[in-house]
2 protein chains.
Amino acid sequence: MQDSQTSETTQKTIEETIVSGILSAKIRPGTRLSENQLATLFSVSRTRVREAMMRLETRGIVHVSPRRGWFVVEPSAEEAIAVYEARRVIEAGLLRGMRALTDEGRKALDAHLNEEKSVMAAGDRQRLTYLMGDFHIRIAELSGNAIIVDILRDLTARTILISMLYQSEFHAAQSHDGHCRIFEAMQAGDFVRAAELSVEHLDEVEMGLDLTTRPDPLSELRSSLSLPPKAVPSGPTVRPKKPQLQRSN
Amino acid sequence: MQDSQTSETTQKTIEETIVSGILSAKIRPGTRLSENQLATLFSVSRTRVREAMMRLETRGIVHVSPRRGWFVVEPSAEEAIAVYEARRVIEAGLLRGMRALTDEGRKALDAHLNEEKSVMAAGDRQRLTYLMGDFHIRIAELSGNAIIVDILRDLTARTILISMLYQSEFHAAQSHDGHCRIFEAMQAGDFVRAAELSVEHLDEVEMGLDLTTRPDPLSELRSSLSLPPKAVPSGPTVRPKKPQLQRSN
DNA sequence: CTTTCCTGTCTTGTATGCAAGATAGCCAGA
DNA sequence: TCTGGCTATCTTGCATACAAGACAGGAAAG
C-alpha cells in the first residue's frame, strides 16, 4: 500500500519474510531466530528486530524463551487441535455466510487450482505447501474482509508448522481433491455444502497427523514431573477453561 | 498464570490495562497514549511501553501516527462493518459447532445474565458495557479454544470502540434480551438456532449504529481530494480485495 | 573416569541518548 | 487584521550501552 515510507517498510519486511518463509515451509518449527543475526541480515539494529519479534509473538508465530532466544513456535498436540478447530469454525462460518461467487473470484480460484495441479506434477514441494495453504486464504479474500484474511493467514502459518511437526507424509493429491470439491460447491452456489466440505477437508488433514509424535521428547517426563511446559502457549487466559467443542460433521 | 516472573508481568499489565479499559468503555477511541506518560505511570522506560504498543497495534487496538503519537484506533465505517462481519462469521461458526452445554457452562452463563440484569437495573453503564461484550467472550470460553477466545476478545474491544463512535443510544435491554434468547437456545441444545440468533443479535446491534456519522469530519474532504486516509487500517493486505460477503439471515 | 564448579561467552532485557519530524505559538511584515 | 515564517518544544524512531541470566567447556578434585 504505502511504500513511500522507508521506515515502516523494514519491520514489516522482517515480519513478512519470516511469515512467508513459514508459509512456504522454508522455515521449520523450532528454528532459532537470533536477534543479532536478523539485525545484520536486514542491516538494522536489534531494536527493530525485537519489535518484529514482538509482533510475531502476538500473532502466535514465534516464542521467546527468556534470555535464551527467539524460536519459531512448535505447537503442542493440544495447540494443533485448537488451531484446526479454530480454522474449522472460521472457514465454515465464512463459507456458510457467502452468497455468491463473482466472476473474478471464480477465475482466481480456478487459476489457483490449476497451479496446484501443475506444481503437484512438477514436484515442487515448497511451492506446493504454500499453495495448499494459500487456497484457504484466497477464499477468505473473496469475502473482502481483511480481518478474517489476517486471522486465517496466521492460522495457516501455524497449520504449516504443525504439518512439519506431525505429518508423516503429505497427501497432496487428497488435499487438492478437497479443494476442488469445495470450489465446485461454491461454483454451484451451494455454500452450505462448501462449508461442510471445508470442515471435512480440514478433518482429513488433521486426521493425517500423528499427534502422538512428541516434538519434544522430554515433554512426557516434564509433565510427569509437573514442570512448566517449555513453550508459553498463546495469549493470556483470564478464566479457567472447560473444553468441549466438537466436530460438526 | 505465571506471575512468578516480574519481567514479563509488566508488559502484559500495560497491554491488559489498556484493553480492559477499552472493554469497560473507560478509554475512548482516539485517546492519545503517550509513551512517556505511560512509562512514568507504570514506572518503566519507554522501551517497555513501546513493546506493549507494538503488540496492541498488531491486535488492531492502537495505531501510531508517525512522530505524532499513539492513539486508540477510531475504526472507520468500513472497518466497523468488517468487525461485525468477522464476529458474525466466528460466533455463528462457533455456536454451530457446539454439541452440548456442560453444567458449569450453564451456570456460568446463567450467572452472567443475572449480573447483566442487576447491573442494568443499577445503571452502572461502564460495568454494563463490559458485561455486554463479555457475554460473547464467555461463550467462546465454553469452547475451550484459547485461540478463538483471544480473537473474539480483540474483536469485542474493537466493537466497543465502534459503539462509542457510532452508537447514539445504548439499547441495553434489547441486547440483554438477545443474550437471553441465545442462552435459551443453547440450553435447549439447539445450537443451530443459537447461531442464527447470534447473527441476528449482532445485526441488531450493528443496525443500531449510525455509520454515516463521520468520526473524522475531514474525511469527506480528504477523500474528495484523494488524500490517504488518516489511519493505517489493519494488517498488510497482499492482494487487492473484491468485497462482497453478505448477511446470512 | 566421573563429578563438580567455575569462568568465558552468548543470549535477551532494559534503559538511555540522540536524531528527526510534527506542531503550536509568537513575532514580524504587509 | 491577516498572513507567513521561524523557533521552541514535544513527539516517536532508532541505535547503542550495559545488565543479567543461560549455557558450554574445561579444569580440578575425588
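Lettering of chains follows the sequences in order, A, B, ..., and the numbering in each one begins at 1. Values in this document were obtained by computation on a predicted structure and should not be read as measured data.
- In this structure, OG on B:Ser65 lies 10.5 Å from CH2 on B:Trp70, to the nearest 0.5 angstrom.
- For A:Ser34, taking side-chain heavy atoms from C-beta onward, the closest of the listed nucleotides D:dT12, C:dT14, C:dT12 is C:dT12.
- B:Leu38 has its CG atom 17 Å from the P atom of C:dT14, to the nearest Å.
- Relative to the side chain of B:Asn36, the nucleotides D:dT11, C:dT14, D:dA15 differ in distance, and D:dT11 lies closest.
- Nearest nucleotide to the B:Glu35 side chain, out of C:dT23, D:dT12, D:dT11: D:dT12.
- With distances taken from any side-chain atom of A:Ser45 to the nucleotides C:dT12, D:dT12, D:dA15, the minimum falls on D:dA15.
- Rounding to whole angstrom units, CE of residue B:Met54 and P of D:dC14 are separated by 8 Å.
- When all heavy atoms are compared, the tightest approach of B:Ala172 to B:Leu128 is CB-CD2, 3.6 Å.
- Of the side-chain N and O atoms in B:Arg67, none sit less than 4.0 angstrom from OP1 or OP2 of D:dT11.
- The separation between A:Met53 atom CE and C:dT12 atom P is 10 Å, rounded to whole Å.
- Closest to the side chain of A:Val64, from the set C:dA22, C:dT12, C:dA15, is C:dT12.
- The CD atom of B:Gln37 sits 11 Å away from the C1' atom of D:dC10 (whole-angstrom rounding).
- Taking the six-membered ring where the residue is Trp, B:His112 and B:Phe135 present tilted rings, their angle falling between 30° and 60°.
- Rounded to an integer number of Å, the gap from CZ of B:Phe71 to C1' of C:dT23 is 11 Å.
- To the nearest 0.5 Å, the span separating CD on A:Glu74 from OG1 on A:Thr31 amounts to 8.5 Å.
- Phosphate proximity of C:dT11 to A:Arg68: absent, as no side-chain N or O sits under 4.0 Å from OP1 or OP2.
- Distance from the side chain of B:Arg46 is smallest for C:dG17 among the nucleotides C:dA15, C:dT14, C:dG17.
- Counting to the nearest Å, the P atom of D:dC14 and the CD atom of A:Glu51 are 7 Å from each other.
- Of the candidate nucleotides D:dG21, D:dA15, C:dT16, C:dT16 has the atom lying nearest to any side-chain atom of B:Thr47.
- When only modelled atom types and interatomic distance are considered, B:Asp210 and B:Thr212 share a side-chain donor-acceptor pair under 3.5 Å.
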